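Below: the structure, in C-alpha cells.
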Amino acid sequence: MSNDFVFSIKSIVFDENYHPSDNTRLTTNFANLARGTSRQENLRNTLKMIDSRFNSLAHWDNPKADRYSVELEIISVELNIDVKGGNIPLIEILKPNIVDEKTGLRIDGIAGNNFSSYVRDYDFSVLLPEHNNNKSAFSTPENFGDFHGKLFKHFVRSDTYKRHFKKLPVICLSASSSKTYQRTENQHPILGVEYQQNEFSSTDEYFEKMGMQVRYFMPPNSAAPLAFYFIGDLLADYSNLELIATISTMETFQKIYRPEIYNANSAAGKCYQPSLKNQDYSLTQIVYDREERSQLAVKQGKYTEEHFIKPYKHILEQWAATALAD
C-alpha cells in the first residue's frame with residue numbers, strides 16, 4: 001500500500017461523434033445526451049448552442065458573431081490506491097478549448113465544467129438519504145464531505161493536475177432552488193450582475209470543504225444567476241475568453257437540464273428564488289431524461305460504496321487522518 005494517492009488523467013474529445021465508454025458514469029450530464037436515437041442530433045445542437053452563446057458574449061471584433069468555436073475535452077481522473085486494486089474512477093470534468101477562427105489561435109479554457117464525482121454521488125445519493133431516513137428534520141452527518149474535500153484538494157495540488165492544467169479549476173453549477181438570491185450593484189462585463197444568497201446551501205458548504213468559495217453572477221442576456229465555485233480570485237485570475245468559455249458551456253447545459261430556470265421566458269428579478277415548478281419557460285430541441293438521471297445517481301452512489309468506500313475503508317480512513325486539512 002502506498003502512503004500517498006497517485007492520480008492519472010485521460011481525455012477524450014466531446015463532439016457529435018462521442019460515445020460514452022463503458023467506464024463513464026451514466027449520471028454524467030454529457031453522457032446522458034450521447035445515448036439513444038437522438039444522440040448525434042443532441043450533441044450537434046448542444047455544441048452549436050455553446051458556440052452561439054460564446055460569440056454573443058465575445059462580441060468585440062466579431063461583427064458576424066462567428067469568430068470563435070469551442071472544442072470540449074472530457075477529462076477523466078482515476079486514483080491509484082494500491083497496486084493490486086488498480087485505478088479507481090474518481091472525477092469527470094469538461095475542459096473547453098477556444099479556437100479563434102480569425103487568427104487560428106487555440107486558447108486553453110478553464111477545467112471544471114460539468115464537474116461530477118463518484119464520491120460526491122455516494123455522499124449525496126446514499127449517505128445523506130440514509131442519514132435522514134425517518135427523521136423529522138433534515139440534517140447532515142458529522143464530518144459530511146470531509147473526505148471528498150481532502151481528496152479534491154489533494155488532486156488539485158498534485159503534480160498530475162499541474163502537468164495537465166495551467167490554472168486552478170472553476171466549477172459552474174445551477175443556483176439552489178431552496179435559497180433566495182438578492183441582486184447587488186456589482187457588475188462584471190463578462191460575468192454580469194452579481195447576486196448574493198441568503199444563506200449557504202448544502203452544495204456551498206460541500207464545496208467549501210473542497211477549498212472553494214462561491215459567487216453568483218447572472219451573465220448578460222441570461223435568465224438566472226449561475227453559481228461559480230473557485231479557488232483564488234474569480235475576477236482577476238482568468239481572462240475574458242476563459243470566463244466566456246465556462247459560461248457558454250455551462251449555461252447551455254443548464255438550459256437543457258433545467259429549462260424552468262435557465263431557459264425561462266423572463267429573467268430573474270432583484271429578489272430571486274429559482275423554481276423547477278416554473279411553467280413559463282421554453283424547451284430546447286435536445287432530448288434529455290432528467291428522471292432517469294436522478295435514478296442513476298443512486299445506482300452510481302451505491303456502486304461507489306460497494307467498489308470504493310467499503311473495500312478500502314481502512315486505507316481511506318488512514319489517509320484522511322493524515323491528509324492536509326487546510
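If you're wondering where the values come from, they're calculated on a predicted model, not measured in any experiment.
Between the side chain of Asn198 and the backbone N or O of Thr180, at least one donor-acceptor pair lies under 3.5 Å. Under the 3.5 Å distance criterion, the side-chain polar atoms of Thr249 are left unmatched by any main-chain donor or acceptor of Thr246. A donor-acceptor pair is defined here as one N or O able to donate and one able to accept, closer than 3.5 Å; no such pair exists between the side chain of Asn42 and the backbone of Asn45. In this structure, Ser11 contributes its side chain and Glu73 its backbone to no donor-acceptor pair below 3.5 Å. At distances below 3.5 Å, not a single donor-acceptor pair connects side-chain atoms of Ser177 with backbone N or O atoms of Leu276. Not one N or O on the side chain of Asn113 forms a donor-acceptor pair closer than 3.5 Å with the backbone of Ile93. In this structure a side-chain-to-backbone donor-acceptor pair under 3.5 Å is missing from His59 to Asn55. Remark: side-chain polar atoms of Asn143 are not paired, donor with acceptor, to backbone N or O of Asp146 under 3.5 angstrom. A donor-acceptor pair is defined here as one N or O able to donate and one able to accept, closer than 3.5 Å; such a pair exists between the side chain of Ser52 and the backbone of Lys48. Asn132 places a side-chain N or O within donor-acceptor distance of the main-chain N or O of Ser139, the cut-off being under 3.5 Å.
Taking a cutoff of 4.0 Å between a charged side-chain nitrogen and a carboxylate oxygen, Asp108 and Lys95 qualify as a salt bridge. Looking at Arg53 and Glu251, a side-chain N of the basic residue comes within less than 4.0 Å of a carboxylate O on the acidic one, giving a salt bridge. Here Arg106 pairs with Glu71 in a salt bridge; the nearest charged N to carboxylate O distance falls below 4.0 Å. Ion pairing of Lys209 with Glu205 is absent here, as no side-chain N (NZ or NE/NH1/NH2) approaches a carboxylate O to less than 4.0 Å. In summary, Glu242 and Lys167 engage in a salt bridge, as defined by a charged side-chain N under 4.0 Å from a carboxylate O.
Listed by chain and residue number, nothing satisfies the side chain to side chain donor-acceptor pair (under 3.5 Å) test with Asn278 (two or more places apart in sequence, or in another chain). Tyr216 pairs by the ring-ring contact (aromatic ring centres under 6.0 Å, His included) definition with Tyr181, not counting sequence neighbours.
Going from atom CG of Asp100 over to atom OG of Ser69 covers 9.0 Å, rounded to the nearest 0.5 Å. In this structure, the separation between CZ on Phe14 and OG1 on Thr46 is 6.0 Å, given to the nearest 0.5 Å. Put simply, NZ on Lys277 and CD on Glu260 are 11.5 Å apart, with the number rounded to the nearest 0.5 Å. Taken from OG in Ser125 to CG in Leu128, the straight-line distance is 9.0 Å, to the nearest 0.5 Å. Distance check: Ile110 CD1 to Asn97 CG gives 11.5 Å after rounding to the nearest 0.5 Å. Here the straight-line distance linking atom CG of Asn17 with atom CZ of Arg44 works out to 8.5 Å at 0.5 Å rounding.
Residues Tyr195 and Tyr272 form a side-chain contact, since some pair of their non-hydrogen atoms from C-beta on lies under 4.5 Å apart. Two residues are said to be in side-chain contact when any heavy atoms from C-beta on lie closer than 4.5 Å; Tyr118 and Ile91 fail this criterion. Using a 4.5 Å heavy-atom cutoff, the side chains of Met49 and Lys255 are in contact. Contact of the Phe165 side chain with the Val156 side chain is not registered, since no non-hydrogen atoms from C-beta on lie closer than 4.5 Å. Residues Asn80 and Ser8 form no side-chain contact, since every pair of their non-hydrogen atoms from C-beta on lies 4.5 Å or further apart. Within the 4.5 Å cutoff, side-chain heavy atoms of Leu72 are placed close to those of Leu47. Counting heavy atoms from C-beta on, the side chains of Ser266 and Asp280 come closer than 4.5 Å. With contacts defined as side-chain heavy-atom distances shorter than 4.5 Å, the pair Phe217/Leu234 qualifies.
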Could you please spell out the steps behind the ring-ring contact (aromatic ring centres under 6.0 Å, His included) verdict for Phe152 and Phe115?
-> CA-CA 11 Å; Phe152 180 80; Phe115 171 80; 5.8 Å; yes
Show the numbers, then the answer: is there a side chain to side chain contact (heavy atoms under 4.5 Å, CB included) between Glu199 and Lys179?
-> CA-CA 7 Å; Glu199 61 179 346; Lys179 305 304 174 188; 3.0 Å; yes
Going through the distances and angles, do Phe144 and His131 end up as a ring-ring contact (aromatic ring centres under 6.0 Å, His included)?
-> CA-CA 10 Å; Phe144 182 69; His131 174 78; 8.4 Å; no
Show the numbers, then the answer: is there a side chain to side chain contact (heavy atoms under 4.5 Å, CB included) between Val119 and Phe147?
-> CA-CA 9 Å; Val119 178; Phe147 170 68; 4.1 Å; yes
Evaluate the side chain to side chain contact (heavy atoms under 4.5 Å, CB included) criterion for residues Leu90 and Phe7: first the C-alpha distance (whole Å), next the side-chain angles of each, then the deciding distance (0.1 Å), finally the verdict.
-> CA-CA 9 Å; Leu90 194 66; Phe7 301 99; 3.6 Å; yes
Pair Glu317-Lys313, salt bridge (Lys or Arg N to Asp or Glu O under 4.0 Å): steps then yes or no | CA-CA 6 Å; Glu317 288 177 347; Lys313 185 175 185 294; 2.6 Å; yes
Using the side chain to side chain contact (heavy atoms under 4.5 Å, CB included) rule, take Tyr18 and Val13 through it: C-alpha gap first, then chi angles, then the decisive distance, then the call.
-> CA-CA 7 Å; Tyr18 166 69; Val13 174; over 6 Å; no
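Among all heavy-atom pairs drawn from Asp237 and Ile231, the shortest one is OD2-O, 4.1 Å. Shown here for Pro220 and Gly192, the closest heavy-atom pair between the two residues is CD-CA, 4.0 Å. For the pair Met210 and Lys153, the tightest heavy-atom approach, listed with the atom from each and the gap, is O-CG, 3.2 Å. Nearest heavy atoms, Ile261 versus Ala223: O-CB, 3.7 Å. Shortest non-hydrogen contact noted between Tyr238 and Leu168 is OH-O, 2.8 Å. Contact record, Ser282 with Pro259: O-CB, 3.7 Å, taken as the closest heavy-atom pair.
For the 3.5 Å distance criterion, the side chains of Thr284 and Asn263 fail to qualify, holding no donor opposite an acceptor. Defined by atom type and a distance below 3.5 Å, a donor-acceptor pair is present between the side-chain atoms of Tyr229 and Asp204. With 3.5 Å as the limit, one finds no donor-acceptor pair spanning the side chains of Tyr68 and Asn62. A donor-acceptor contact under 3.5 angstrom links the side chains of Ser76 and Glu92, judged on distance only.
Cluster membership for Ile244 and Val99, using ILVMFWY side-chain heavy atoms within less than 4.5 angstrom, is not shared.
Judged by the 6.0 Å and 45° rule, Arg120 forms a cation-pi pair with Phe124.
Aromatic ring orientation, Phe5 versus His154: perpendicular (interplanar angle above 60°, classes split at 30° and 60°). Using bins of under 30°, 30° to 60° and over 60° for the plane-to-plane angle, the ring pair Tyr312/Phe308 lands in the tilted bin.
Within a 6.0 Å radius of OH in Tyr303, other residues, nucleotides and ligands contribute 12 heavy atoms or fewer. Within a 6.0 Å radius of CG in Asp159, other residues, nucleotides and ligands contribute 12 heavy atoms or fewer.
Taking the ring centroids of Tyr262 and Tyr281, they lie at or beyond the 6.0 Å cut-off.
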